Structures are given as C-alpha cells and as structure tokens.
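Okay, so here's the structure we're looking at.
Computed from a predicted model, the values in this text were never measured in an experiment. Lettering of chains follows the sequences in order, A, B, ..., and the numbering in each one begins at 1.
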Number of protein chains: 2
Amino acid sequence: MPSYTAPAKDMAFVLHEMLKIQDSDIPGFNELEPDFTSAVLEEAGKLATNLLQPLNEVGDKEGCKLENGVVRTPAGFKAAFDEYAAGGWNGLDCDPAYGGQGMPYTLATAVAEIFSGSNMAFTMYPGLTHAAYSAIHAHGTDEQKAKFLPNMVALKWSGTMNLTEPHCGTDLGLMRTKAEPQDDGTYKITGQKIFISAGDQDMTENVIHLVLAKIPGGPDGIKGVSLFIVPKIEVKDDGSLGNPNGVSVGSLEEKMGIHGNATCVMNYDNSTGYLLGTEHKGMRAMFTMMNEARLGVGMQGLSQAEAAYQNAVVYAKDRLQGRDVTGVKNPDGLADPLIVHPDIRRMLMNQKSFVEGARAFVLWGAMMLDKSHLNDDKNAHGLISLLTPIIKGFLTDIGYDMTVQAQQVYGGHGYIEEWGMSQFTRDARIAMIYEGANGVQALDLVGRKMAQDGGKHVMAFFEMIKTFISENKDNEALANDFLNPLKDASKDLQSVMMYFMQEGMKNPNAALAGSTDALHMFGHVCFGLMWSMMAKSAQDALDNGAADPKFYNNKLATGRYYMARMLPATKAHQARILSGADTVMALDADAF
Amino acid sequence: MPSYTAPAKDMAFVLHEMLKIQDSDIPGFNELEPDFTSAVLEEAGKLATNLLQPLNEVGDKEGCKLENGVVRTPAGFKAAFDEYAAGGWNGLDCDPAYGGQGMPYTLATAVAEIFSGSNMAFTMYPGLTHAAYSAIHAHGTDEQKAKFLPNMVALKWSGTMNLTEPHCGTDLGLMRTKAEPQDDGTYKITGQKIFISAGDQDMTENVIHLVLAKIPGGPDGIKGVSLFIVPKIEVKDDGSLGNPNGVSVGSLEEKMGIHGNATCVMNYDNSTGYLLGTEHKGMRAMFTMMNEARLGVGMQGLSQAEAAYQNAVVYAKDRLQGRDVTGVKNPDGLADPLIVHPDIRRMLMNQKSFVEGARAFVLWGAMMLDKSHLNDDKNAHGLISLLTPIIKGFLTDIGYDMTVQAQQVYGGHGYIEEWGMSQFTRDARIAMIYEGANGVQALDLVGRKMAQDGGKHVMAFFEMIKTFISENKDNEALANDFLNPLKDASKDLQSVMMYFMQEGMKNPNAALAGSTDALHMFGHVCFGLMWSMMAKSAQDALDNGAADPKFYNNKLATGRYYMARMLPATKAHQARILSGADTVMALDADAF
C-alpha cells in the first residue's frame, strides 16, 4: 500500500524563504511565523498520514453507493470526516464571524495540498463545501450568511456547485434548469444537473447546493443565468431543519477514479431556491470565485504528482534490478536498486523538479490572491487572473504525466491496483477535465486574459522576470544555470505573444490553434521564474551559513535540472505555435 | 458505447501505394494483390466490429475470475474465441505444414491491428498463442512441432510466455525457477511466475506454457537460463491429453485495464517440461522472437489510439457546444459541433497524424521483418533490429498520450466509464510496460542497437533518409512541407548520435540519461520519413489522376500537420540530451 508524508519542510522553504510571507505587508501575514506555520503543517500532516491516506485505497475500492436514494460513502469516511470537522480544518481561512479562523488563503492552500495528496476523493467533500461557503460569503445577504455559513464552516452541513447539465458543460448558455419566481421572493427550481462532485453523502445532516438556473423571461444564453442556494432539506428561520426540498440523487456516475467521491446526477423538482446575488448575474458570481477554485484544481494536479512521486522513490530505492553501468553499488545484493539507473533518475528528477516548482507556483499564486483580496491590489489581481488558467491547466496536464511516470518506475507492478500507483493516475485524470477542461483554460488564457486591460498584465509578467534577472545579474550561482535559460525561454514566449497579436487580429484561429501550446509554454516560463526565485533563496541561505546546506544544495541541483531539461520544451511549443493554424484547420470535418 | 471500424482503406493505401507490397520480391508477396488483401481486411473488420468490439466493454466490466482454480473469462469470450478460431485467423501467417495459411507477417500485422483495436484484452489470447507458436516453430524439434503446433494454430490449445518472477522482471538473471533434468530427457519445473498474460482460461482444452527456468549447476545469471515447453495437461505421444501437469493458477492480478485478459500468477510444481532449443540458451531463443513481439506491442499502442480517435471524432461531430469563433457553422442548432474549435482540431489532428504515421511505420517494419526472414536479408534484419525498440517504445508512449487526448475531447463524459474512453487509456497503459518497459527499450536502443555492427544500421537509416530526400528533391509538393523538415530533424538526430559517441565513451551515463529522449527523437524522425513516403505516394496518385483525390489531398494535409506540429518535438529532446547527465545524476539517493 502506498504511503504519504506531508512535504512540510519544502512548504516551509517556499513560504518563509522564497515568499517570505512573515515579512509581507498583507494583513494577517505577520502572524505567519515559521513556528506557527510548522505547527499547522505538522498537525495537518499527521491527520493526512494516519487517517486520510489509509482511506484512500478503501475509497477507491469500495466507491460510493446509492441505496434507496441515499448515498453511502466508503467505510471510515464518516469517522474521518467528523475528525476533520472537529479539527476545524475547513474553517482555517474562513471568516471568524462565522466560526472560521481567519488565516490567509496561502496557508490554507498549503494545508489543502497535504489533505489532497493523502486522499483527493475525500478532500473534495470539504473542498466543495468551502467553495460554496466562499460563494455565499462573497454574494450572500447578511441573513443568508448567518443562516448557512456557520454550519458549513463547521461541516455540520456540506456544500456543492451545480453547473453542468446533460447537454451543456462548457457552454452554460444552453442551460435548461428553470427558476420560477414565487410571491414570497423565493424561486422554484426544476431541472437536472450532472457531474455534481460530492453531490450527496451520509456524513452531514444537510447539503447546501448552489445551483445555476434560468429565470423565465430573462436574457438568452449565458446572460440569463442566475445562482441559487438550494438546501437539500429546508432550513427554518430558527436554523433548525424542516422538510425535504425536492432534491434527489438520480444516480451515481461510475468513473475512472476518485471513486470515494460521489459524483451525482442531481434532480431538482420544484425545490425552493434562494437567489444568491443578483438576478441574471449568476455567472459573474461564479467568476469571482473562479481564480480560487481553479488554483485549487491546479493544486490537486500537484498533490497527486507529489503522492505518486513519494511512492516511486520508495520503490526505486527498494527494488533491486540490474547493475549500475558505472560500477556495482550494492555488492552485497544480487542487483543494485533501480535508482542507480539514469533513466529511472530522469523520471524521478522530472517528478521532483515538477512538484517543487509547482508548489512554489501554487503558493506564490495563493499569495497573489491574498494580496489582491486583502490589500485590494489591482495589479496582483490582474496578474493572478492571467496566470490562473496556467496554474489550472499546466499543473494538471503535467501533474498527470508525472503520475504516469511514477507508475512507470514500478514496471509491471505499476499496473496492478494493489500497489496503488494506478489510482494516482486515475484520480489525477479528472483534474484536467473539471472546473473548465484544459482546452477551455487555454482559450481563457489566449482569448481573454492575455488581452485583458490592454495586455497590461502580460507586460507586468515579463517585467517581473526582467526585474528579477536584472536584480540578480551579478549572482554567479544563478547566472548560467538559471537566469540565462529563463531569459531565453521568456524571449521565446514573447515572440509567441507578438505572433498572437499580429496574426490573431487577422485570423482568430491562428491564436486559438496555438492556445494549449501557449499555455504550456507560459507554464514552463513561470516554473523557470519560480525555480530562479527558489535558487536565489537557496543560495542566500548557503551564503548565510545555513544549518542544513545539503537541503539547499539539493534545491539548487533540482532547479538546475528543471532549467536544463524541462524548460527546453518551450522550443517545441514555439515551433508548433508559429507554424500557424493552416495545418490544424485544413481538413473538412468529414475527412476525420 | 464506443464503436470500431477497421481502417481498411488506410491500410490498403499503406500496403499497396506506399509499400507497394504486391510488387515486392519477397517470397509470397506477389500473391498480395489489392483485391485479395481488401477481402481479408474486410472480413477481419466484420469480425472486429460485430463480434469483438461489443465484447470489449463486457470484458472490462466483468473481468476474469478464478473459481476453484479455474479461470472464467467474461461472458461471450468463449463463443467469440471459437468463431475466431474457426475463421482460421490465428494461422494466417503460420506454416502450412501445421495448418497455417502461410501468408506474410505484414498482412497478419494489419489484421492484428484490427482485432486489437476492437478488443485488445481478447486479442491477447490468440496473440500469446501465436508468440508461443513462433518460439516452438523456430526452436522446436520436428517431434515437438508435430506434437504441439497443429493444435496451437487451430486454437484448440493456447500458449503463453513465462518470464517474470516476483523479484525479477527486467533482470531475468535473478531467476529462481528450477528445471531438474530427468533420466528420460525431460525436466521437472518448479517455481513461480507472475504477470502471465492469458495465463489460463476456459476457452481451450490445453495451455502450452513456455517457461524460462534454470538448470541447476548451469552458468550464473542470464547465461544459465533455458526455455521449456510445459503443457498444463500432459500430451501423450498419440497427441491425446493425459494427466494434469502440476501447473496451477495461484491468483489473478487486479489490474488498471485489460480486465478481459487473465493475468496470472502461475505455479509450477514438479511439472514436466521439455527443453526448447539448447540448454542455457533460453534467452537467445527468446531474443529471436523479440522483434516480432515488440513490434506487436507497438501495434497495440497504435490500435488503442486508433480506436479512441475514431470515437473522439464521433463525439466531436455530435456534441454541440459553443460557436465557431470565425462564424456560426450550425445556425439551426443552439451551438456548433465541437469539431469547429481549433483546440479540438489540434487534438484530433495529433491523433490522426499519429495513427496514420504509426500504421505506416508498423507495416513498414513488418515488411522489413518479412524481408529479413523470407529473403534472409541481413541489412533489413539490422535495420529492423535498430528500429524495433523505437516502434515498441514510441508507439506505446505516444499512443497512450493519444488515448488521453481522445478522452479529453469528451470533457466530463471522458471520465465516465459508460462512455468507454477511459478503457482505451487504461488498456493502452500496459503496452508501455510489458514486453520490456519503455525505459528498457531506450536502453536497448542507446546501449546496444545503435552501436551494433559498428553503427552500420544507424548509418543505413540516415542513408535511407538522405536517398529519399535526394530522389525527391525536385518534387515541389514535397520539398517545403516534407523534405526540409525531415532533413532538419534528421540533422538534429545526427547531432545527438555524435554526442552519444563522443560522450558515451567517457561516461556511459551521458548516453543513458538521454536514452528515452533519443528514442522519442528517433521515433519522430521515423514518422517524418514515413509521412514523406506517404506524401510522395499520395502526390503520385494525384498526378496520375486518382479516382478519389480527396483521400490523397487529406493524406497530404495530415502529413503536413505532422511535419509542422509533431516533428518539432525533436528540438526539445535534443536540448535535453545535449544538456548531459550531470543534472540527472547530481543528487545522492537520499536526497529524493
């Protein structure tokens, strides 16, 4: 069975040495002293290793069952959920006015990686609750907040997000679920929603569904969509539970992975709904939470890659097979461990340099979100809006690839479910699809974000790189191994941006045919920047006589790997993009 | 539920227009007139579409079961197996002396793609039987051949290959299974083998296991391994069945995919075995069949990509979502079909240009094998030996990626088992692992094949490209779109070969750290050559006033896509390789 250990030391390095969160002027960050964050990460790590990780395989094997309309979660989930709730983990970054602890989102993101890494399917139950909490917190009336939030923060009630319908996923304008206005100001919701993660379970006494629906007579398409709070069981004014609300689970989907999470077909039959925010502005309400939600999915890609990597390392050190070509390393054994072989190293270094780069990127992104919210920093908001589709798309695409490589380290055993490596790939696969399939992320990046505010945020991104390079140009430890490749890759990316500006005006397909490649290219450049920043911090620590030079030297070596071996992927993406749309669009549909 | 249609037209193009098999001087090829091969492919296609494909999902859902020591295959497999056997499909390229039809391996390979594309797990039962047939045919005595082959060709008996043991996969020198010589010239085989595909089933009356084992007192390691024929039930001299032979199934593996195929732990307990070939030369006997077996696994990668692609196309044309950015294409519908979107096109073109290139490569490789066997052509043998690890590794790595992209076209539905796209990825995943994990293929390529016969075959490969380019340099339809990119990519590959020669002498890790990248780079160059050859054939057909110009124009357009958008991957691989081994090997094992 696989194991999981929270990468707390690496998180501490990113938080305190690279991002220096404790020195930030973001409100609340000065509380985040290393001792405090270590204590939080350590506690989260214990829960993850001892309670959630052992349930990961159970969840995969048992899955969820629908019995007489009731969803049954796998054995042990309810007890674990109660312990998770009792620990107050769901409220870590929630508003103290509703029982939360008011910590920054940045810290909550590190904690979320730990829980997700140990058990992604389980963690989605509180994760969706948290997302619904955020929506109500951002757009609800005081009365709505008082009525729903305390129990959601405490996980007495859970939450869900209902967007997709059988005939519409990305194109939500085609939505058919109806919301009929009632005289008392409520709405009657009727329709079917599909792919509802954590749609129901047997762990909470109520489920607060957020449902997108159309009010008859409103604008056509996406502009006529509104957002509603639809409790599974009605909540009386005194907060006690009333009657069932016409909300039922039609069926559970049988999926490739995340079996421990109930993916439901939800039926709403004249259910009472409460408008959240403004009529017909449902999509806008969704969008305000989208950066956070997408960063969270990017984090899932990282989390599964990290968990798979940890187990690939265990196997590579343990399994004896073949001899080191440069000389026997394990003379007392009949063979050397796998880890001596360069191609095994290559796979492990791919994974290691990816997960560490991804962690830095996710936490840096979370800090930008905190800055944009807590400091009301418009530039930070613009920058993280630009980079959100990259965090979501790149981290889940490459994160998935890394779970496949981790599985490959196991040879034949990687294909056997008992060893657990298959589950990492099967679970990680969904993150490329939900919360906007990665092709939609690429469209968002190229078709919207790059040009937002006159391209200001793209320019700010390149300026950030330029500034970093110029500030560190005399740092010999960085120059050849980090700054030069970063500069090169950044130039390649600029050439692509230029191409999109020039060609995209004439033919939008020229840009869109290169959208996924641009997202990946951008992702690599972001990782190049993150690794350069980490390298600087590591070198600073070494220069200051750090107590654990090995850690910092390994950090530098891992970064050098990324810069030399991962970053050159930009060359291929650049060539693909600059080849234009003609070959992509040449065939008639009937030629496929 | 997914569907499958044999790509018979595309196969005919490769066989008759690109490879021109009917004009070849290889014995037997002159029988392969287009009418004849079409009839064969059409019949295979019917069986695949009507019988095997509908069982693909059944096999995945039901899997195999071990009941009181007996393997139960999924419902319908036995009846399908009987029909498959009755059709004589297993003997298509087998020796007429034992009931086969004596057709070339090239034709059998095209047929195998069709069966594998419709149901990979099912097709492995006859596939392993065929592999065991080949081994006995190549190395058996006349008596052994007469005793075992007719029933194996007729699929009255099946066959398996037993190599792996719990503690040794790639490193077979660690093998523990023993073969004790008996006075009557037989051996008593005792030991445990794992991961035995098609290890047992309820469809044939006997199973002929080929088992690697060590004769006590023989040389250490891999040089002391011998190959044995071990029937599940003893075969009397008159060919009738005798007693059980101490062969039992310990358990079935629960796997990520190919659930319809029984992957067995096989226990041999004093089982009677018959030496196949020479004592201690078991590995050599295995190696003579390896090119064929590995080409077959590469074909599996192609076959799953093809099947997944076909279904991605169906969905992309059917699913209405969003509008074409250049103008509405389906004004009568609420949205346009997915296929209008450039990023969907990109994924479909990746798949289409891959599967068509892969098919050409596999059939070209099969023809080289026929040439090496039937014409005893040493150059053809050297060339296909060089390219075999590439066919195996590249086609299964990229084939898997393509099943993932096909799944991605389905959005959320791709993750739901009911739609069948998950199965293609889960089934395709094994092909990267078995018959030598792809890292081992890369090691075989860089550590052995490239230097074989003084590098003669690598030189012949580049010479082949050079000759093709020079012969067609005045062909304007080819020059810019095909020949120039082929020349560039080929040059990049040559620079890498040079690097390996120079650096690999000093430090073997410098070559081995780049082995997988070299395999992929090589693969792309091979595809570049295949596409150039196909483009020439398509252009010739157009120049000659072919009846179906659309087919040939589409072929050219698909080739242009490959050259412009897939081939540039060589740039990234080249940069990775030339960065050397230092960053790959920098960390101590305890730093992971």
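Contacts between B/Leu320 and chain A at a heavy-atom distance below 4.5 Å involve the backbone alone (N, CA, C, O). Of the two parts of B/Asn438, the backbone and the side chain both hold a non-hydrogen atom closer than 4.5 Å to a non-hydrogen atom of chain A. Residue B/Arg319 touches chain A through its side chain alone, counting heavy-atom pairs closer than 4.5 Å. If you measure heavy-atom distances from B/Ile194 to chain A, the contacts under 4.5 Å come from the side chain alone. Residue contact with chain A, scored on non-hydrogen atoms closer than 4.5 Å, involves the side chain of B/Tyr309 exclusively. With a threshold of 4.5 angstrom between heavy atoms, B/Asn350 approaches chain A through side-chain atoms but not through N, CA, C or O. Heavy atoms closer than 4.5 Å to chain A are found in the side chain of B/Ile339, but not in its backbone. In this structure, chain A has heavy atoms under 4.5 Å from both the backbone and the side chain of B/Met566. The contact between B/Thr425 and chain A is made entirely by side chain atoms (from C-beta outward), counting heavy-atom distances below 4.5 Å. For chain A, the nearby part of B/Val340 is the backbone; its heavy atoms alone come within less than 4.5 Å. When heavy atoms are compared at a cutoff of 4.5 Å, B/Tyr562 does not approach chain A at all. Of the atoms belonging to A/Pro485, not a single heavy atom falls under 4.5 Å from chain B.
Annotation: side chain of A/Lys255 is not in contact with side chain of B/Glu417 (no heavy-atom distance under 4.5 Å). Annotation: side chain of A/Gln407 is in contact with side chain of B/Arg429 (closest heavy-atom distance under 4.5 Å). Residues B/Lys352 and A/Leu587 are in side-chain contact: their nearest non-hydrogen atoms beyond the backbone lie under 4.5 Å apart. A 4.5 Å side-chain heavy-atom check between B/Pro568 and A/Lys571 finds every atom pair outside the cut-off.
From B/Leu334, atom CG reaches atom CG of A/Leu174 across 5.5 Å, with rounding to the nearest 0.5 Å. Residue B/Glu254 holds its CD atom at 9.5 Å from CD1 of A/Ile416, rounded to the nearest 0.5 Å. With rounding to the nearest 0.5 Å, the separation of OH in B/Tyr561 from CE in A/Met585 is 11.0 Å. Note that CG of A/Asn509 and NE2 of B/His341 are 10.5 Å apart. Values are rounded to the nearest 0.5 Å. Atom-to-atom distance recorded for A/Thr326:OG1 and B/Asn507:CG is 7.5 Å, nearest 0.5 angstrom.
Using a distance-only test at 3.5 Å, with no hydrogens or angles considered, a donor-acceptor pair links the side chain of B/Tyr415 to the main chain of A/Gly257.
The shortest non-hydrogen separation linking A/Met349 to B/Val584 is CG-O, 3.7 Å. The minimum heavy-atom distance between A/Gln321 and B/Thr170, with the atom names listed, is OE1-N, 3.3 Å. Heavy-atom minimum distance, B/Asp343 versus A/Gly439: OD2-CA, 3.3 Å. Between B/Gly322 and A/Asp171, the shortest heavy-atom distance links the atoms N-OD2, 2.6 Å. Among all heavy-atom pairs drawn from A/Arg565 and B/Ser579, the shortest one is NE-OG, 3.3 Å. For the residue pair A/Gly412 and B/Ile433, the shortest heavy atom distance occurs at N-CG2, 3.4 Å.
Taking chain A as the reference chain and counting heavy-atom pairs below 4.5 Å, the highest number among B/Ala442, B/Gly169, B/Ala586, B/Gly221 is found for B/Gly169. When each of B/Gln408, B/Glu253, B/Lys317, B/Arg560 is checked for heavy-atom pairs under 4.5 Å with chain A, B/Gln408 comes out on top. Among A/Ala564, A/Ala557, A/Ala437, the residue making the largest number of heavy-atom pairs under 4.5 Å with chain B is A/Ala564. Contact tally against chain A (heavy-atom pairs below 4.5 Å) for B/Arg426, B/Glu418, B/His167, B/His573: the top residue is B/His167.
With salt bridges taken as basic N to acidic carboxylate O contacts below 4.0 Å, one links B/Asp590 and A/Lys550.
In this structure, A/Phe195 and B/His413 have perpendicular ring planes: the angle between them is above 60°, well past the 30° mark.
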